[in-house]
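Throughout, protein chains are lettered first and strands after them, A, B, ... in sequence-line order, and every chain is numbered starting at 1. Computed from a predicted model, the values in this text were never measured in an experiment.
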Amino acid sequence: MSRNEPAKPSNFIREMVLEDLRTNRFGGKVITRFPPEPNGYLHIGHAKAICIDFGLAQEFGGRCHLRYDDTNPTKESTEYVEAIKADVRWLGFDWGEHLYYASDYFEQLYEWAAELIKAGRAYVDDLPQEEMREYRGTLTEPGRESPSRNRSVDANLDLFKRMRDGEFEEGTKTLRAKIDMASGNLNLRDPVMYRIRKVPHHRTGEKWCIYPTYDWAHGQSDSIEGITHSICTLEYEDHRPLYDWFLAELGIHHPQQIEFARLSLSHTVMSKRMLLELVEEGRVSGWDDPRMPTLAGLRRRGYTPEAIRDFCERIGVAKADNVVDIAHLEHCLRDDLNRRAERRMAVLRPLRLVIENYPEGKVEEMEGVNNPEDSSMGTRRLPFSRILYIEQDDFRESPPPKYFRLAPGAEVRLRYAYIVKCTGVLKERSTGEIVEVRCTYDPATIGGDAKGRKVKGTIHWVSAAHAVEAEVRLYDHLFLKPRPDEEEDWKTCLNPDSLQVLTGCKLEPSLKGDAPGSRYQFERQGYFCVDSKDSRPGHPVFNRTVGLRDTWAKIERAEGG
RNA sequence: UGGGAGAUCGUCUAGCGGUAGGACGCGUGGCUCUGGACCACGUAGCGGGGGUUCGAAUCCUCCUCUCCCAGCCA
């Protein structure tokens, strides 16, 4: 409608769906699914897939199923099932009644497999694993047909039944599709449909000892659920011919598989293997360590689902390999938190500031706005007194050029309070360390009104007598290099300062006893949240979610400071 | 050297034969009781060679480079 509105960015998947809608290919329906294997935690890469799967369904008035691809009982557990549900919900999506498990379809899958056997399209193979590999050939040489390949239908049926009945040991038999051992696509060289695993399944228990492979289970599960668009990542591209083959042979509802490029993020790793290694070696405190790219980690770090969804929208969807700069994610976060987080004052590295001409014992209450972006968020009272804490960084004995903060003889505004002028410092005799800054205040400037004076700097403060003590954890990128997995040894570029723990931080009293997860902007510093695991009454712990943009730090860095 | 896919500002992404646009980042300026936010401006790109066309990022062709596949993982 409005001509200035930039066109909503589309992507190739949306356009394919639109085209299918136009041609009425699936009767006007859009049914997608998010199909995690319950064998690990979801990360930001999954969030992209979730946003695409659920987002498309939402957009076109369809629905998206949550379906667990639980075909490999040796790796899966209900613990992951629950964690994944929680993460998807937290991200803001709802599968309604449509929670499914591939394991619900085991019986149907078995029947269809028998059907393929009867059609001469599948056979029981005796080849052990290593031999099967040899028979498969290589990327450049065709494979050879297994000696079992031309068994009779009856023999195959009988053997298959006995596989199910547990007559054979693990690894001694498989059911394979009979396709083409010479295909250039290795997936078509008689792929395995069933393998024997004499292990209980987290849902079917002891009922089965043969389990379908991904290739055999996935497309058929999609079909059963009436999925129209089966969206997955690029590595499944050459599985599509097999996906299509099974469905065509069975003559059942045939969804469209569409592949997109998975998300990579700079300054972190996303592979399950690497994340697991970080956890197991204690490089991080767990899957929900705030430095982890897992949804659990991001949540604990203080990320909002809105910011993550916005990010997924902004990065787009395409087929080219990509690595998105983590700064992009952080931008989306700040953008969201700036609008929603209440402001607070907190001194992370305290330095005593004594106002020499302010009466001892006097306490005034200053009014601070909770969010300058949204006046409906109200105001709060801040106790002010003679002895305050300010940030160590906000005082320099010999200030560099363009330093707007406190320095001997300089004036600065104490946010929401008074203009003060520095009169001197107290140092620790032996070390020369500055332990206290002295100043005088101008009573006429109450509330921070500079009365027409040009006071360039405004700093935050906390009244010493009223301060709440807290531990603050400063998090930074987990890796120093943008692409750790491209280093000789990815762990050599782990950021040794990815976590800095500060104790004895001084918070304004309104922060006392806040609920875990509460998010704030600590003015001039960044966004912080109450840690959901370690914070407790009497010992608050805050996590830095992300810092504010810091132009001054940039200037200092540029000048070699 | 088999099969599949891909290549557009530093990064992500649009473009569908008609002026290469947006976002992030970066830079400059403005504004500001957060050196935040916000506003304005700027920076910078079609992998290469041929061809078709009045006109090519887009169509054809050859080449180069990158990614995926040899699990009874997903």
(request) Mark yes or no for a side-chain to base donor-acceptor pair under 3.5 Å between A:R405 and B:G35, with no hydrogen or angle criteria applied. (result) yes
(request) Please determine, for B:C12, whether a Watson-Crick or G-U wobble partner exists with both distances under 3.5 Å, and give it or none. (result) B:G22
(request) Output the single nucleotide from B:A37, B:A70, B:U13 whose closest atom is nearest the side chain of A:N322. (result) B:U13
(request) Determine which nucleotide pairs with B:U28, using a 3.5 Å limit on both distances of a Watson-Crick or G-U wobble pair. (result) B:A40
(request) Identify whether any heavy atom of A:Y236 sits under 4.0 Å from a base atom; if not, whether one sits that close to sugar-phosphate; answer base, sugar-phosphate or nothing. (result) base
(message) Which nucleotide wins on minimum distance to the side chain of A:F404, given the candidates B:A7, B:U34, B:G35?
(response) B:G35
(request) Compute the centroid of each ring, for A:Y389 and then for A:W461, and state whether the two points are separated by less than 6.0 Å. (result) no
(message) Is there a side-chain contact between A:K319 and the phosphate of B:C67, meaning an N or O under 4.0 Å from OP1 or OP2?
(response) no
(message) A side-chain contact here means heavy atoms from C-beta on lying under 4.5 Å apart; do A:T32 and A:H65 qualify?
(response) no
(message) Less than 4.0 angstrom from a charged side-chain N to a carboxylate O is my criterion; do A:R519 and A:E342 meet it?
(response) no
(message) Under 6.0 Å between ring centres: does that hold for A:H46 and A:Y41?
(response) no
(request) For nucleotides B:C41 and B:G4, find the distance between their C1' atoms and express it as a whole number of Å. (result) 46 Å
(request) For A:D449, answer base if it contacts any base atom (sugar-phosphate contacts may also be present), sugar-phosphate if it contacts only those atoms, and nothing otherwise; contact means non-hydrogen atoms under 4.0 Å. (result) base
(request) Taking atom C1' in both B:A7 and B:C12, compute the distance separating them and give it to the nearest angstrom. (result) 14 Å
(message) Between P on B:A74 and CZ on A:R33, what's the gap in Å once rounded to a whole number?
(response) 15 Å
(request) Return yes if the base of B:C67 and the side-chain atoms of A:E237 contain a donor-acceptor N/O pair under 3.5 Å, otherwise no. (result) no
(request) Please report, rounded to the nearest Å, how far the P atom of B:G4 is from the CG atom of A:L242. (result) 16 Å
(message) Checking contacts here: which listed nucleotide (B:A74, B:C24, B:G27) is nearest the side-chain heavy atoms of A:K554?
(response) B:G27
(request) Determine the sole option in A:D336, A:L337, A:T304 for which the side chain to side chain contact (heavy atoms under 4.5 Å, CB included) test with A:Y527 is passed. (result) A:L337
(request) Could you measure between the two P atoms, the one in B:C62 and the one in B:C69, and give it in whole Å? (result) 27 Å
(message) Before we go on, tell me: are the rings of A:Y418 and A:F384 under 6.0 Å apart, centre to centre?
(response) yes
(request) On RNA chain B, check which nucleotide each of A:I446 and A:A261 is closest to and give me the residue with the more 5' one. (result) A:A261
(request) Answer with base, sugar-phosphate or nothing: what part of the nucleic acid does A:Y211 contact at a heavy-atom distance below 4.0 Å? (result) nothing
(request) For the side chain of A:E15, starting at C-beta, report the closest nucleotide among B:A14, B:C72, B:C16. (result) B:C16
(message) Under 4.0 Å, counting only non-hydrogen atoms across every strand here, what does A:R197 touch: a base, just sugar-phosphate, or nothing?
(response) base
(message) Under a 4.0 Å threshold between the charged nitrogen and the carboxylate oxygen, would A:D335 count as salt-bridged to A:R340?
(response) no
(message) In whole Å, measure the gap between the P atoms of B:G21 and B:G45 for me.
(response) 12 Å
(message) Partner lookup for B:A70, please. Criteria are Watson-Crick or G-U wobble with both distances under 3.5 angstrom; report none if nothing qualifies.
(response) none
(message) Any side-chain N or O of A:R343 below 4.0 angstrom from OP1/OP2 of B:U34?
(response) no
(request) Would you kindly check whether a donor in the side chain of A:Q521 faces an acceptor in the base of B:U34, or vice versa, at under 3.5 angstrom? (result) yes
(request) Tell me which of A:F522 and A:H218 sits closer to the 5' end of RNA chain B, going by the nucleotide each one is nearest to. (result) A:F522
(message) Whole angstroms only, please: what is the CE-P distance between A:M132 and B:A70?
(response) 14 Å
(request) Using a 4.0 Å heavy-atom cut-off across all strands, classify A:E37 as base, sugar-phosphate, or nothing. (result) sugar-phosphate
(request) May I ask you to evaluate whether A:R524 reaches the phosphate of B:G35, defined as a side-chain N or O under 4.0 Å from OP1 or OP2? (result) yes
(request) Return no unless some side-chain N or O of A:T71 is found under 4.0 Å from OP1 or OP2 of B:A74. (result) yes
(request) Using atom CG of A:D180 as one end and atom P of B:C69 as the other, report the distance to the nearest whole Å. (result) 21 Å
(message) Taking B:U58 as the reference, what is the distance to B:U19 when you measure between their P atoms (whole Å, please)?
(response) 14 Å
(request) To the nearest Å, give me how far apart CZ (A:R415) and P (B:U34) are. (result) 5 Å
(message) So is the aromatic ring of A:Y214 stacked onto the base of B:A74, judging by whether the centres are under 5.5 Å apart and the planes are under 30° apart?
(response) no
(message) Whether the side chain of A:R314 and the base of B:U13 hold a donor-acceptor pair under 3.5 Å is what I'd like checked.
(response) no
(message) Please report the distance, rounded to the nearest Å, between CE in A:M377 and C1' in B:A37.
(response) 14 Å
(request) Confirm from the modelled atom types if A:E373 and B:G36 form a donor-acceptor pair under 3.5 Å, side chain to base only. (result) yes
(request) Answer yes or no: does a side-chain N or O of A:R136 lie under 4.0 Å from OP1 or OP2 of B:G71? (result) yes
(message) Checking base pairs now: Watson-Crick or wobble, both atom distances under 3.5 Å. What partners B:G45?
(response) none
(message) Are A:F522 and A:F528 an aromatic pair, judged by ring center distance below 6.0 Å?
(response) yes
(message) Between the side chains of A:E76 and A:R197, is the shortest nitrogen-to-carboxylate-oxygen separation below 4.0 Å, so that they form an ion pair?
(response) no
(request) Report yes if at least one side-chain N or O of A:R14 is closer than 4.0 Å to OP1 or OP2 of B:U13; otherwise report no. (result) no
(message) Nearest whole Å is fine: how far is B:C9 C1' from A:H328 NE2?
(response) 13 Å
(request) Tell me, please, whether A:Y110 has A:R164 positioned over its six-membered ring: NZ or CZ under 6.0 Å from the ring centre and within 45 degrees of its axis? (result) yes
(message) For B:A7, give the paired nucleotide (Watson-Crick: N1-N3 plus N6-O4 or O6-N4; G-U: N1-O2 and O6-N3; both under 3.5 Å), or none.
(response) B:U64
(request) Could you work out the separation of B:U13 and B:U8 based on their C1' atoms and round it to a whole Å? (result) 9 Å
(request) Quickly work out the A:F12 CZ to B:C16 P distance and round it to whole Å. (result) 18 Å
(request) Could you work out which one of B:A5, B:C68, B:A70 sits closest to the side chain of A:R133? (result) B:A70
(request) Using a 4.0 Å heavy-atom cut-off across all strands, classify A:P128 as base, sugar-phosphate, or nothing. (result) base
(message) Tell me whether the side-chain N or O atoms of A:D550 pair up with the base of B:G35 as donor and acceptor below 3.5 Å, since no angle test is needed here.
(response) no
(request) Using a 4.0 Å heavy-atom cut-off across all strands, classify A:P142 as base, sugar-phosphate, or nothing. (result) nothing
(message) For B:A70 and A:R144 - does any side-chain N or O of the residue sit under 4.0 Å from the phosphate oxygens OP1/OP2?
(response) no
(message) Counting only side-chain nitrogens and oxygens, does A:H331 get under 4.0 Å of the OP1 or OP2 atom of B:C24?
(response) yes
(message) Rounding to an integer number of angstrom, what distance separates B:G47 and B:A56 when you compare their P atoms?
(response) 15 Å
(message) Need one value for A:T551: base, sugar-phosphate or nothing, where a base atom within 4.0 Å counts as base even if backbone is also close, heavy atoms only.
(response) sugar-phosphate
(message) Is there a side-chain contact between A:R344 and the phosphate of B:U34, meaning an N or O under 4.0 Å from OP1 or OP2?
(response) no
(message) Can you check the distance between B:C59 and B:G18, where both ends of the measurement are the C1' atom (answer in whole Å)?
(response) 15 Å
